[in-house]
> 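Quick one: the structure is below, and I'll ask about it shortly.
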There are 2 protein chains.
Amino acid sequence: MEGTNDYSYRPGAIMTNNVDIRSSSLFSVLDDAQIKRVMQSSHMLNLADRQSLFECGDEADRFYLVTKGQIKLFRLSVNGDEKTIDIIQPGNTFAEALMFMEQPTYPVSATALGKVQLISFDNAQFLNLLRGNFDLCFRMMGSLCQRLRGLVKEIDDLTLQSATTRMCAMLVNHMEREGESEFPLQAPKGVLASRLSMKPETFSRILQNLANEGIIEVKGQNVGVLDECRLKESAHPESVIGLEPEFNCNHQMPFHQR
Amino acid sequence: MEGTNDYSYRPGAIMTNNVDIRSSSLFSVLDDAQIKRVMQSSHMLNLADRQSLFECGDEADRFYLVTKGQIKLFRLSVNGDEKTIDIIQPGNTFAEALMFMEQPTYPVSATALGKVQLISFDNAQFLNLLRGNFDLCFRMMGSLCQRLRGLVKEIDDLTLQSATTRMCAMLVNHMEREGESEFPLQAPKGVLASRLSMKPETFSRILQNLANEGIIEVKGQNVGVLDECRLKESAHPESVIGLEPEFNCNHQMPFHQR
DNA sequence: TTGGCTCCTTGATGGATGTCAAAAGGTTCC
DNA sequence: GGAACCTTTTGACATCCATCAAGGAGCCAA
């Protein structure tokens, strides 16, 4: 499970599995000597599908960069309900915020979605690096700030938006990231459901509704957006502010509609 | 509305309205000269009850320290629904995370709860200070990290916990902060309801239920905790893990019970 | 005191989403 | 190819909480 830092090191791009480490914003401001130093305390890891990386509450002395596959971050409730907090994509780091805590423990559990390859970094090492590099500090603070904004948005979504709205917002994100109106969902539907804080049954029904409305079409894992305009309206209800009620596109989607 | 920096400056404690600026973790690592520098670009503000400080989307070039009263941070949905994200207490700063963004805009609106006194600081000034002070950077990163953890916990609560559980957790926090089993709620019930992501009616009913159960007693704004044990059980359902179902204290609280 | 606020409470009802159960596809492994 | 298994879908029903409407309760002003 735990390998060594056996990837090639050379000045310039540091490639591991087609992911340039420098493309991660945290590492982009490091010079070659610094990268080398971080690398020396790093390990490459391979995880099988569903393999656990750490559990909520574990001591947190390392952080991670995903180079291949996806990592699911989640929390469990007493009765075994699972809430997926985030799905980390290749090229992104996670758990690095914890290095600033006194007695850091992971606030979430992490498991592999499919086969995953990642690199782990030693918190103490990285803290040393931070202590001599203001650019890096600012990078880090910027990244923490963005994550904060993301979570605030998330809370907004959970409290002020409906399940359908969240679904549409996700589909719009997906579409814009892919640049195509047809794309595969990047995780099993059950996982996406949990990410959107709904049950798989609800997820399925909402997709069905959107398809019945002619807004999307669904074939297995593939989604095609047929009516981008209506999808975006459903995703961002604020876009119709200012219109008179009778002029609103009022695309009601009763839950149990067939 | 906007005053000048007319509070006394002297080495050592920097008091403004009985709040020592140094007691805020961000400022605690600054020496006198640095404090003085920050102060020079700061302003004291007074807000009347309900007065707005900034709106979601406004350009964010200052951050704030509350010295008296409370600030409500919230987001609005299209239909006017309001979600209180946080209630900032005296001695605490807010909106400082934004200084690391390119084109910072506030992700929430802020208004006064009651009469409020606060100090605003110039982001650019503070960034200069950060750029020469690693301790301060680490303070800042630590604070951002804690805020992140708080938000993750919040999402957990919203998705995995019931309204009653959230209420109990809040009451336990309240109680432990006050150190008394009897205490006043620190904000109008309607605001607390929104903070807990429920409607005022639901808030009222849950308090009623807890009172009927004999767990608390409520007199206006004052709450007395009668059965701390049961309150904590309801707040942290994980505490009863491992017990056989029939041995669980099964304090059902049907919603419409009278 | 009385009126007019605003905030809170209480009751009746409804709706979005969860739950439970079963069927329908897909995948993997002999 | 088919058996076992998992994921997804579908249906019937339950529940939590929101909504709507009305009634108290405290507070301030005249």
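Per chain, numbering begins at 1; letters A, B, ... match sequence-line order. Excluded from the calculations below are hydrogen atoms, water molecules and symmetry mates; all remaining heavy atoms, backbone and side chain alike, are included.
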> I want to verify a distance call: between C:dG18, D:dT8, D:dC6, whose nearest atom is closest to the A:R50 side chain?
D:dC6
> Below the 4.0 Å mark, does D:dC20 have OP1 or OP2 next to a side-chain nitrogen or oxygen of B:K199?
no
> Quick test of your reading of the model: are A:R62 and A:E96 salt-bridged, counting only N-O distances below 4.0 Å?
no
> What is the distance, to the nearest angstrom, from the CG atom on A:N222 to the C1' atom on D:dT8?
15 Å
> Rounding to a whole Å, what distance do you find between B:D157:CG and D:dC17:C1'?
17 Å
> Does B:T202 place a side-chain N or O at less than 4.0 Å from the phosphate oxygens OP1/OP2 of D:dA18?
yes
> How long is the line joining CG of A:L160 and C1' of D:dA18, in whole Å?
14 Å
> Please report the shortest heavy-atom distance between B:P107 and B:C56, naming the atom on each side.
O-SG, 3.4 Å
> Think B:R166 has a side-chain N or O under 4.0 angstrom from the OP1 or OP2 of D:dC16?
no
> Please report the distance, rounded to the nearest Å, between CG in A:L158 and C1' in D:dC17.
16 Å
> Could you check how far CE of A:M167 sits from P of D:dT8, rounded to whole Å?
12 Å
> Could you go through nucleotides 20-25 of chain C and list every protein N or O atom that sits under 3.5 Å from one of its N or O atoms, giving the distance for each pair?
from: C:dC20; atom 1: N4; to: A:E201; atom 2: OE2; distance (Å): 3.0

> Please verify the inter-ring angle class for A:Y64 with A:F94; under 30° counts as parallel, over 60° as perpendicular, anything in between as tilted.
parallel
> Can you tell me if A:Q208 touches the phosphate of D:dT10, counting only side-chain N or O atoms and a distance under 4.0 Å to OP1 or OP2?
yes
> Run the salt-bridge test on A:R75 and B:D156 with the 4.0 Å N-O cut-off and return the result as yes or no.
yes
> What's the CG-P distance between A:L207 and C:dT17, to the nearest Å?
14 Å
> To the nearest Å, how far apart are B:Q221 CD and C:dT6 C1'?
13 Å
> Between the side chains of A:K232 and A:E228, is the shortest nitrogen-to-carboxylate-oxygen separation below 4.0 Å, so that they form an ion pair?
yes
> In whole angstrom, give the distance that lies between atom CG of B:N209 and atom P of C:dG11.
12 Å
> Please tabulate, for the side chains in residues 188-200 of chain B, all donor-acceptor contacts under 3.5 angstrom to protein atoms that are two or more places apart in sequence or on a different chain.
from: B:K189; atom 1: NZ; to: B:G220; atom 2: O; distance (Å): 3.0
from: B:S194; atom 1: OG; to: B:E82; atom 2: O; distance (Å): 3.3
from: B:S194; atom 1: OG; to: B:T84; atom 2: N; distance (Å): 2.7
from: B:S194; atom 1: OG; to: B:T84; atom 2: OG1; distance (Å): 2.8
from: B:R195; atom 1: NE; to: B:I85; atom 2: O; distance (Å): 3.1
from: B:R195; atom 1: NH2; to: B:I85; atom 2: O; distance (Å): 3.4
from: B:R195; atom 1: NH2; to: B:E154; atom 2: OE1; distance (Å): 2.8
from: B:R195; atom 1: NH2; to: B:E154; atom 2: OE2; distance (Å): 2.7
from: B:S197; atom 1: OG; to: B:K83; atom 2: NZ; distance (Å): 2.7

> Can any side-chain N or O of A:D227 pair as donor or acceptor with the backbone N or O of A:I215 at less than 3.5 Å?
no
